[in-house]
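First up is the structure itself, then whatever we jot down about it.
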Protein chains: 2
Amino acid sequence: MYKIEFNDFFTYSFSVDCVIFGYKEGQIHALLIKRSMEPYDGHWAIPGDLVYPDEDISAAASRILSELTKIENLDLHQSETFGDPNRHPQGRVITTAYFALMRIDDFKVEASSWAGEARWVPIHKIPQLAFDHNLILSSTYKLLIQKLKNDPICFDLLPYKFTLNEMQKLYEYAYDSDMDKANFRKKIKPIPLIEHKEKQVNVKHRPAKLFSFDESEYVNMLESSEYQFKM
Amino acid sequence: MYKIEFNDFFTYSFSVDCVIFGYKEGQIHALLIKRSMEPYDGHWAIPGDLVYPDEDISAAASRILSELTKIENLDLHQSETFGDPNRHPQGRVITTAYFALMRIDDFKVEASSWAGEARWVPIHKIPQLAFDHNLILSSTYKLLIQKLKNDPICFDLLPYKFTLNEMQKLYEYAYDSDMDKANFRKKIKPIPLIEHKEKQVNVKHRPAKLFSFDESEYVNMLESSEYQFKM
DNA sequence: AAAGATATTGTACTTTTGACAATAATTAGG
DNA sequence: CCTAATTATTGTCAAAAGTACAATATCTTT
């Protein structure tokens, strides 16, 4: 049987990389950090690091994200695992990507530890990244778009209070096609929304009503009926 | 920064596990092998083993599947990665699950190497398995059911020539609900099928026509129209 | 040739979708 | 205050897709 030999720290190890998505100005953005250590010192990258030997990988994802960006309490979902033997220049490092959604406005992103700088970058303007992070990001982005279509996660990207038009714009982005306003409203009828008394402010026209996702009612609905979300 | 130390072979390594699904007698089955070495000697398990240090993980999945079961040329898809630090009794082993579909009749399964015995087991009668393989299997099974609903993969499970009723039964299984025969046929109208001249044999009633999936025509259709598979 | 069994097709009704039009509520400028 | 401009919101109608159920067709068995 094959015998594996270890030489040093980097011979065989495991990491996680966190793709954090946000939405502003009509576009999905990803959170990038600027690396301040080798390898790829000075390159942009998605936040990631090695998993401790006795640490669960999803716990590692939360820890590493927090260490590098101060972001806490995000719901991280597993994406894909990347195992090309040459993906890391210093040895064999297999990595699992995680992703999470957040409202960009909710957090002032603050880099810490060995990440000097952090920035939200529109998904279609991602520069050359460290390691195989461009690959990781594009695979995970595809997964995000798929999830947007099949799960009510748009509300994690939109502000807490949003207009139906803002919601529609996000789906138009996901499907890359325009939708009819009246028909869109018909389609989302079954999704329980809280209707606020407030309206949009600072617009030069009739202001739209503000809504929020009624998550507890949505959970009820899933239990009591056989509703299946699909946009 | 955290310093990782290695003690022996099993301190930190990486494996793949292959979930092979088949369909017969109206039920999805998984291919299990009986282990003939420690740990979990004598237990049933899904085929899996360690990845070589310079081997791509998807290549490892193919190699290991072939070594343990003689099965070759299956289209393996990545499923989930499992990283509980205690999932392996001898050390830290993170594993990525892969899955594939096959026509049970196409292969006489033949165990080799350290797997003494192999067996197709209905998914609802899976015994206690080695490691966290029950968890891996059930997660991957959920993924399979989801894929069955959203991709034309039923044809990888059905015999090459199948009746429309056989196809319907598979979807009834996936959705766990009965369907109307006439309506089912209307629904699958857009899926290109090759109609054979042969009919079912050895049945005590009017034999059904046999069909095959017309894959090349399906690919054409995807390119030329905006058809989206959904059952 | 008739009965039994399942395959295959047809019909009518209901629901959903899609295109487009009409009405409502604000702001901005006179 | 009145009117135009602008976007929000709701309504209508026909086409398409989905659902329930019935009718007909083809084979085996007796």
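Just the heavy atoms: all of them, side chains too, but no hydrogens, waters or symmetry mates, feed the values below. Throughout, protein chains are lettered first and strands after them, A, B, ... in sequence-line order, and every chain is numbered starting at 1.
- In this structure, NZ of B/Lys181 is placed 12 Å from C1' of D/dA25, rounded to the nearest angstrom.
- A/Lys189 places its NZ atom 15 Å from the C1' atom of C/dT15, with the value rounded to the nearest Å.
- The nearest heavy atom of DNA chain D to A/Arg185 and to B/Val203 marks one nucleotide each, and the one closer to the 5' end goes with A/Arg185.
- As a whole-Å value, the separation of B/Lys230 NZ from C/dT16 P is 15 Å.
- Between B/Glu226 atom CD and C/dT17 atom P there is a gap of 16 Å when expressed in whole angstrom units.
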Kindly determine whether B/Leu148 and B/Leu157 satisfy side chain to side chain contact (heavy atoms under 4.5 Å, CB included), including the steps that lead there.
CA-CA 10 Å; B/Leu148 266 177; B/Leu157 290 171; 4.3 Å; yes
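- Residues A/Glu172 and A/Lys169 are paired through a salt bridge, judged by an N-O separation under 4.0 Å between the basic side chain and the carboxylate.
- If you look at A/Phe162 and A/Phe155, their ring centroids are closer than 6.0 Å.
- The residue among A/Ala182 and A/Ala208 whose nearest nucleotide of DNA chain D lies closer to the 5′ end is A/Ala208.
- Under 3.5 Å, the side chain of B/Lys186 and the base of D/dT19 form at least one donor-acceptor pair of N or O atoms.
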Give the intermediate values and the outcome of side chain to side chain contact (heavy atoms under 4.5 Å, CB included) for residues A/Gln200 and A/Asn165.
CA-CA 11 Å; A/Gln200 227 177 359; A/Asn165 240 9; over 6 Å; no
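- Across the protein-nucleic acid pair, A/Ile188 atom CD1 and D/dT10 atom C1' stand 14 Å apart, rounded to whole Å.
- Counting distance only, with no hydrogens placed and no angle test, the side-chain atoms of B/Arg206 and the base atoms of C/dA7 include a donor-acceptor pair under 3.5 Å.
- Looking at heavy-atom distances under 4.0 Å, A/Lys199 makes contact with sugar-phosphate atoms alone, never a base.
- Minimum atom distance to the side chain of A/His205 is reached by D/dA8, of the listed D/dA8, C/dT6, D/dT29.
- Between A/Asp180 atom CG and C/dA22 atom C1' the separation is 13 Å, expressed in whole Å.
- Ring orientation note: the planes of A/Tyr171 and A/Phe229 are tilted relative to one another, at an angle of 30° to 60°.
- Put simply, CG on B/Leu164 is 19 Å from P on D/dA25, counting in whole angstrom units.
- Applying the 3.5 Å distance criterion, the base of C/dG18 shares no donor-acceptor pair with the side chain of A/Lys187.
- Phosphate contact (OP1/OP2 of D/dT7, side-chain N/O of A/Asn165, threshold under 4.0 Å): absent.
- For the pair A/Asp178 CG and C/dG18 C1', the computed distance is 14 Å after rounding to whole Å.
- Looking at A/Asn183, its side chain comes within 3.5 Å of the base of C/dA19 through a donor and an acceptor atom.
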